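All remarks here apply to the structure that follows.
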Number of protein chains: 6
Amino acid sequence: MQQNKPESKKTSESSLESTYMVMPEHTNPRGYTFGGTIMAWVDITAGVVAFRHCRTSVVTASMDELSFLYPVNLGDLVTLKASVNFTSRHSMEVGVKVLAENPITGESSHTATAYLTFVSLDKNGKTLPIAQVIPETDEHIRRFEAGKARYQERLNKRKKRG
Amino acid sequence: MQQNKPESKKTSESSLESTYMVMPEHTNPRGYTFGGTIMAWVDITAGVVAFRHCRTSVVTASMDELSFLYPVNLGDLVTLKASVNFTSRHSMEVGVKVLAENPITGESSHTATAYLTFVSLDKNGKTLPIAQVIPETDEHIRRFEAGKARYQERLNKRKKRG
Amino acid sequence: MQQNKPESKKTSESSLESTYMVMPEHTNPRGYTFGGTIMAWVDITAGVVAFRHCRTSVVTASMDELSFLYPVNLGDLVTLKASVNFTSRHSMEVGVKVLAENPITGESSHTATAYLTFVSLDKNGKTLPIAQVIPETDEHIRRFEAGKARYQERLNKRKKRG
Amino acid sequence: MQQNKPESKKTSESSLESTYMVMPEHTNPRGYTFGGTIMAWVDITAGVVAFRHCRTSVVTASMDELSFLYPVNLGDLVTLKASVNFTSRHSMEVGVKVLAENPITGESSHTATAYLTFVSLDKNGKTLPIAQVIPETDEHIRRFEAGKARYQERLNKRKKRG
Amino acid sequence: MQQNKPESKKTSESSLESTYMVMPEHTNPRGYTFGGTIMAWVDITAGVVAFRHCRTSVVTASMDELSFLYPVNLGDLVTLKASVNFTSRHSMEVGVKVLAENPITGESSHTATAYLTFVSLDKNGKTLPIAQVIPETDEHIRRFEAGKARYQERLNKRKKRG
Amino acid sequence: MQQNKPESKKTSESSLESTYMVMPEHTNPRGYTFGGTIMAWVDITAGVVAFRHCRTSVVTASMDELSFLYPVNLGDLVTLKASVNFTSRHSMEVGVKVLAENPITGESSHTATAYLTFVSLDKNGKTLPIAQVIPETDEHIRRFEAGKARYQERLNKRKKRG
């Protein structure tokens, strides 16, 4: 739990893909999946990525706007792809792409994209420094720049609010 | 499931307040509540409000940025206050205020605020018209105007993306 | 965790209202809600009220007869209204009213009423003194008297048994 | 789903014993089991007995007073013993004895006894006649008589209320 | 947590029978029960038996082949009968018989049989000696011999693998 | 739901990797994960692979011996890698490798390997023909041959039993 600047880590060292099946307990009586179920899956998947990146306890600081492009149905296979997009000194942004697959036809649709910010806390609730992420591919670099822009935007918003 | 313009409803007819206790299953081993648990409670509370407002099956279309101002601890009492802020012809915005209360000291802190958009779907997945909300107090009117502004902002964002 | 007589508290300081939606996991294959699900919601809602009243750890000591006046269906919105009715030196009675609302028609029926007794325990399992409840309205006073009568009845029953 | 008087059944044909282990999700942060968890286990165990007795869909009509003689701890093994005590023309009483066993010492204590009343409903919600229970032992006969007395008491209470 | 040879125990001192009802959350959308649900019930039932036998903390070391002879349906009553078959110096085999009962017809079919091996670990993860089981009936003796043969087979398999 | 021989599919078309975090609800009070939790994760992961391979409803027919090489701890990240090893005319074998990762140190250990057999059933419970799997790499071919040998062994065992 050292306070020295932690060493940098590559994007691929913490990337994650997980798949869930939509069960009756995840849907309303009409068979549409609760948004909250998807949000919880998004958060836990992103949280594992954040934990793997910094190897210290993490908490969700925020989630940017999450839009559902299509309703997700009972029985669908929901795949979440998550990786660290951007790191500042004391926070990291994890991007999550959500795909819903019809298990009979195999057709898969891009249902949602989410950006979550995590901070790492020590036992006394003090924020810990975050290892810098090293983007490895052109796509990683594009995401790093976009994540940096969203980070600035969030800072500006917070300043405006006072 | 008539397609005529449904009759208007007052804000107070669908407002809701619910309280949950944070159990071990909602926290990580450090005792911090998962963001996804709070998100799921936010979604179900808002969903009940949306359902009560239109009395037809609803799905979450989007959730605006959700920031956690404080971590929520094991054993905390989480109270969610939700009501319809704004309605357009085919969507409604539900606002949710999240308060976390230390059960021993009784101190309560405002942990997060969320704005969710819901649409109502018939059996074939076609969107249904939404009853217009009638704000009753000055606070309701202020929220209606703010909800309308966010609605416009979302429309503009979507246009930009193409 | 002082053993001095704790200060009195008003009924309204701990009153609570919570709403749940009946999901497939709460019903049998015919779509009728399990009595045990309602009982668990009654107990947790009453427990939060008891916890808020005394601000020390509580356990359920007993629940009086619980009758279900109507079966509760899949998709119904179940609202539980709970408050402290009566306090003795080492116990408190919490009353819970259960309402089930058809989410399509909006019709609400009074499904059950329950009276639970809670005690507060310290780390060694010793009972702690309970803050006296201060009824605020005529309805609160009526409930206090009825709660006192049930308390006496329970004491008498226990004496009879030996 | 015939409406003729169903044939009689012996107590032993539907008796049941089930054991659960108390997990972290069943306890408050102090390690005391929620009363509502025990109530839910009591209801499902009694419900299986009622279902087995009449072989038609059942719902809980009421649960008599339930007192917890001892708090149940994390890790305890909770054994529930349930059987049909008494049957009237359209209802049956199931008795449940709850024992909590310390898994390390093996000591077992009688924690609670509950009496639940079930009715059987057809697809339209109409009550079905209940098979008469045939007590087989002296203990069964004693329980049948006690169950009959409680049945009369419940009828009298209901008449009093109007 | 003494390391002396613990005293022997009879089969009947730890035998267990538990019954679960298959709920919507345990089945796929076709109404067939997930194999994993049955496996989890088999493991917890066997684990309680193992815990009761040695009265020290246990973990599952292995489960032999588990074949499902019939699919288990939504609403079925699943009864698991478990007892200690055999003990070696540091492990015990628990046998579990799984029966699925149609709740309407009362017909019961033998769905699966499983053999699980448990070890007992102290706080440092070191294996503890296991109390010897004393078979009481001819059936117990038959199971002890069969368990011993499976134990030898498992040792041989492990040696082969190196 | 045609009964013609379905077309062949490549191993990679249905392979899956999923990661779970071990929560308090998955462990006993000592912090060791229940074997049944891992088994349930193994079954659902393998089930999704089987479903994706044949695109018709599947049920678990059997799971071969499952040995836990190491206990899995609270907070560990459990990764399951699953793919179709072998197909016969009416069944398929899915192999699952289970890895447990310490989230602080990042150390990962191979905890278990499981082989599950699935069949596909139509609405009347009749088995459907299974698409032949096409191994793509040398590793896939090695697994196909090993899966075939296990398939023969299972057939022989079943014949022996009668």
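Just so we're clear, the structure is a prediction, and the values are computed from it rather than from any experiment. Order of the sequence lines fixes the chain letters, A, B, ..., with proteins taken first and strands second; residue numbering starts at 1 for each chain.
Environment of CG in B:Asp138: sparse, with no more than 12 heavy atoms of neighbouring residues, nucleotides or ligands closer than 6.0 Å. Around atom CD of B:Gln132, no more than 12 heavy atoms belonging to other residues, nucleotides or ligands sit under 6.0 Å away.
With hydrogens and angles ignored, the 3.5 Å screen pairs no side-chain donor or acceptor of C:Ser18 with any backbone N or O of B:Ser18. The backbone N or O of B:Pro103 sits less than 3.5 Å from a side-chain atom of C:Arg55, completing a donor-acceptor pair.
Most heavy-atom pairs under 4.5 Å with chain C, from the set B:Glu101, B:Met21, B:Glu17: that is B:Glu101. No other option in B:Ile44, B:Val48, B:Thr79, B:Asn102 has as many heavy-atom pairs under 4.5 Å with chain C as B:Val48.
When heavy atoms are compared at a cutoff of 4.5 Å, C:Glu13 does not approach chain B at all. Using a 4.5 Å cut-off between heavy atoms, B:Leu16 touches chain C through its side chain atoms alone. With a 4.5 angstrom heavy-atom cutoff, B:Thr45 does not touch chain C via any of its atoms.
Annotation for B:Thr19 and C:Tyr20: closest pair O-OH, 4.5 Å, computed over non-hydrogen atoms.
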